[in-house]
Amino acid sequence: TDFADGLDDATGTPDNDTRLQAAVLGAAPIDLRRFPPNRTFDRFLGATLDERPDVYAMASPITFVTPDDPPMFLYHGVSDWMVDVSQSRLMLEALHNAGVPAAYHETGGGHFATFLFDDGQIAKAIDFLDRWL
């Protein structure tokens with residue numbers, strides 16, 4: 001079959017809606033500008049925050065929150081030392097301020113424990129997705 005089959009002729013995009021319909025974010029780094037100095041970020045982004053705050057903003061999902069964003073379920077461990085729990089709380093606030101449906105669940109664990117051990121986040125995420133998909 002030809003690659004162009006199924007594409008809208010005017011835009012070259014798929015005929016069906018490929019926009020994200022809902023999202024689940026676990027302990028996600030939301031605003032890189034709020035992290036302490038980090039050589040990994042510096043290498044990845046090619047500069048320090050002081051040198052290129054614009055690049056850090058462009059790499060931060062919170063910069064792009066808009067009212068047409070899909071519903072999001074966030075979860076985070078309160079003992080996370082890699083990505084501070086404030087990152088998810090900031091995103092939740094930004095989503096709510098934009099009028100985007102969002103829910104949040106905090107677990108008792110740290111960064112890895114949040115992904116290895118279920119503290120209710122899996123069922124809550126599935127319920128959230130069932131509601132919006």
Side-chain angles (χ1 to χ4, degrees):
T1 163
D2 185 60
F3 175 74
D5 288 347
L7 295 182
D8 179 304
D9 290 332
T11 63
T13 58
D15 292 334
N16 57 348
D17 187 3
T18 57
R19 241 178 97 77
L20 207 58
Q21 301 299 305
V24 175
L25 290 75
I30 297 299
D31 191 342
L32 302 187
R33 299 164 297 185
R34 292 180 176 257
F35 278 78
N38 185 312
R39 290 191 332 212
T40 301
F41 288 170
D42 298 347
R43 282 192 298 262
F44 179 70
L45 298 174
T48 66
L49 175 60
D50 289 338
E51 293 167 339
R52 295 295 308 268
D54 59 318
V55 171
Y56 278 71
M58 293 294 292
S60 299
I62 200 164
T63 304
F64 300 98
V65 172
T66 59
D68 67 338
D69 284 346
M72 294 188 201
F73 177 83
L74 301 95
Y75 66 97
H76 211 119
V78 294
S79 300
D80 193 330
W81 57 271
M82 290 184 71
V83 178
D84 190 76
V85 69
S86 64
Q87 293 284 309
S88 289
R89 293 173 183 163
L90 286 168
M91 186 64 150
L92 181 68
E93 180 181 359
L95 292 166
H96 282 165
N97 288 342
V100 176
Y104 178 61
H105 176 73
E106 278 186 2
T107 71
H111 193 78
F112 296 108
T114 298
F115 299 110
L116 295 174
F117 305 106
D118 184 17
D119 191 17
Q121 66 268 29
I122 294 173
K124 288 180 184 216
I126 290 170
D127 288 346
F128 185 86
L129 293 172
D130 282 345
R131 177 177 179 200
W132 293 103
L133 297 178

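The shown structure was predicted, so the numbers you read here are calculated from the model rather than taken from an experiment.
One hydrophobic cluster holds both Met72 and Leu90 under the rule that ILVMFWY side chains link at heavy-atom gaps under 4.5 Å. If you chain together hydrophobic residues whose side chains sit under 4.5 Å apart, Leu49 and Ile62 never meet in one group. Side-chain heavy atoms closer than 4.5 Å link hydrophobic residues (I, L, V, M, F, W, Y) into clusters, and following such links, even through other members, never connects Tyr104 to Trp132. When the side chains of ILVMFWY residues are joined at heavy-atom separations under 4.5 Å, either directly or via intervening members, Val83 and Leu95 end up in two distinct hydrophobic clusters. Neither Leu92 nor Phe73 shares a network with the other; the hydrophobic side chains, linked directly or stepwise wherever heavy atoms of I, L, V, M, F, W or Y lie under 4.5 Å apart, form separate groups for each.
With hydrogens and angles left out, the side-chain atoms of Thr48 and Asp50 include no donor and acceptor closer than 3.5 Å.
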Which pairs would a plain distance check flag for residues 20-27, meaning a side-chain donor or acceptor within less than 3.5 Å of a matching protein atom at least two apart in sequence or in another chain?
from, atom 1, to, atom 2, distance (Å)
Gln21, NE2, Arg19, O, 2.7

Which pairs of donor and acceptor atoms, one on a side chain in residues 117-129, lie under 3.5 Å apart (sequence neighbours left out)?
from, atom 1, to, atom 2, distance (Å)
Asp118, OD1, Gly120, N, 2.9
Asp118, OD1, Gln121, N, 3.2
Asp118, OD1, Ile122, N, 3.2
Asp119, OD2, Gly108, N, 3.3
Gln121, OE1, Asp119, N, 2.6
Gln121, NE2, Thr114, O, 2.6
Gln121, NE2, Phe117, O, 3.1

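Counting only residues at least two apart or on different chains, the ring-ring contact (aromatic ring centres under 6.0 Å, His included) pairs with a member in residues 36-61 are Phe35-Phe41.
Looking at Gln87, its side chain never comes within 3.5 Å of a backbone N or O of Pro29 through a donor-acceptor pair. The closest donor-acceptor contact from the side chain of Thr63 to the backbone of Met58 lies at 3.5 Å or more, if one exists at all.
In terms of heavy atoms, Ala59 sits closest to Leu45 at CB-CD2, 3.7 Å. Closest of all the heavy-atom pairs between Pro53 and Arg33 is O-CD, 4.4 Å. In plain terms, the two heavy atoms of Val65 and Asp69 that are nearest each other are CA-OD2, 3.2 Å.
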*Test Val85 against Asp80 for side chain to side chain contact (heavy atoms under 4.5 Å, CB included), laying out the working first.*
CA-CA 6 Å; Val85 69; Asp80 193 330; 5.6 Å; no
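Residues His76 and Arg89 have side chains not in contact (no heavy-atom distance under 4.5 Å, counting atoms from C-beta outward).
More than 12 heavy-atom neighbours from other residues, nucleotides or ligands sit within 6.0 angstrom of CZ on Arg43.
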